[in-house]
Amino acid sequence: MLRRYLFCPKLLDYEQSSNVGNWQWAAGSGVDAAPYFRIFNPSEQVKKFGPDLKYIKKWVPEFQELHYKPIVEHKKARERALKVYKEAVNS
């Protein structure tokens, strides 16, 4: 809860109900009419929406290049998450 109050002043357009709902949607944990399980791939998101790293460089100045060793193999983690989700929905 404290994090939210530290983060909110940094947003130009903060409005609690809209922001919390959007954060839940992005995390795949909110109410959603979509009939699928959303799994974002951070690497693909950067390629699609910020290949110049402008956003990352602004907010994470110590991260100036997109050279890193992922700690999670996204394809395997995605498959595992989908399997668990389907098992939960079908039980």
Side-chain angles (χ1 to χ4, degrees):
M1 188 107 157
L2 178 59
R3 287 184 193 169
R4 182 173 71 201
Y5 292 110
L6 296 173
F7 178 69
C8 298
K10 298 195 180 300
L11 299 174
L12 298 175
D13 61 348
Y14 179 76
E15 195 279 314
Q16 184 171 357
S17 60
S18 295
N19 288 118
V20 171
N22 286 333
W23 296 331
Q24 288 178 338
W25 181 87
S29 63
V31 177
D32 196 342
Y36 58 88
F37 186 70
R38 182 180 303 106
I39 301 173
F40 284 107
N41 181 328
S43 300
E44 292 301 314
Q45 294 293 308
V46 169
K47 289 177 190 174
K48 289 180 186 177
F49 302 110
D52 59 357
L53 304 179
K54 185 177 177 180
Y55 181 87
I56 292 173
K57 288 177 181 180
K58 178 177 180 174
W59 297 106
V60 188
E62 60 275 353
F63 189 80
Q64 294 297 310
E65 295 182 24
L66 194 58
H67 298 291
Y68 67 95
K69 182 178 178 181
I71 59 173
V72 173
E73 189 176 330
H74 183 75
K75 184 177 179 180
K76 285 184 181 179
R78 180 184 184 279
E79 290 169 358
R80 185 181 62 224
L82 286 171
K83 180 179 180 272
V84 170
Y85 176 75
K86 287 177 184 176
E87 289 171 358
V89 169
N90 293 325
S91 63

> What pairs with Lys54 under salt bridge (Lys or Arg N to Asp or Glu O under 4.0 Å), at least two apart in sequence or on another chain?
none
> Mind checking side-chain contact (heavy atoms from CB on, under 4.5 Å) for Glu44 and listing every partner two or more places apart, or none if nothing turns up?
Asn41, Lys47
> I'd like to check the side-chain contact (heavy atoms from CB on, under 4.5 Å) partners of Leu11; sequence neighbours left out, ordered by chain and number.
Phe7, Asp13, Tyr14, Asn19, Trp23
> Which residues pass the side-chain contact (heavy atoms from CB on, under 4.5 Å) test with Gln45, not counting sequence neighbours?
Phe40, Phe49
> Not counting sequence neighbours, which residues clear side-chain contact (heavy atoms from CB on, under 4.5 Å) with Lys57? List them please.
Leu53, Gln64
> Rounded to the nearest 0.5 Å, what's the gap from CD1 on Ile39 to CD on Glu79? Could you check?
9.5 Å
> Report the distance from atom NZ of Lys83 to atom CZ of Arg78, rounding to the nearest 0.5 Å.
15.0 Å
> Clusters formed by hydrophobic residues whose side-chain heavy atoms approach within less than 4.5 Å: which one holds Ile71, and what are its other members?
Val72
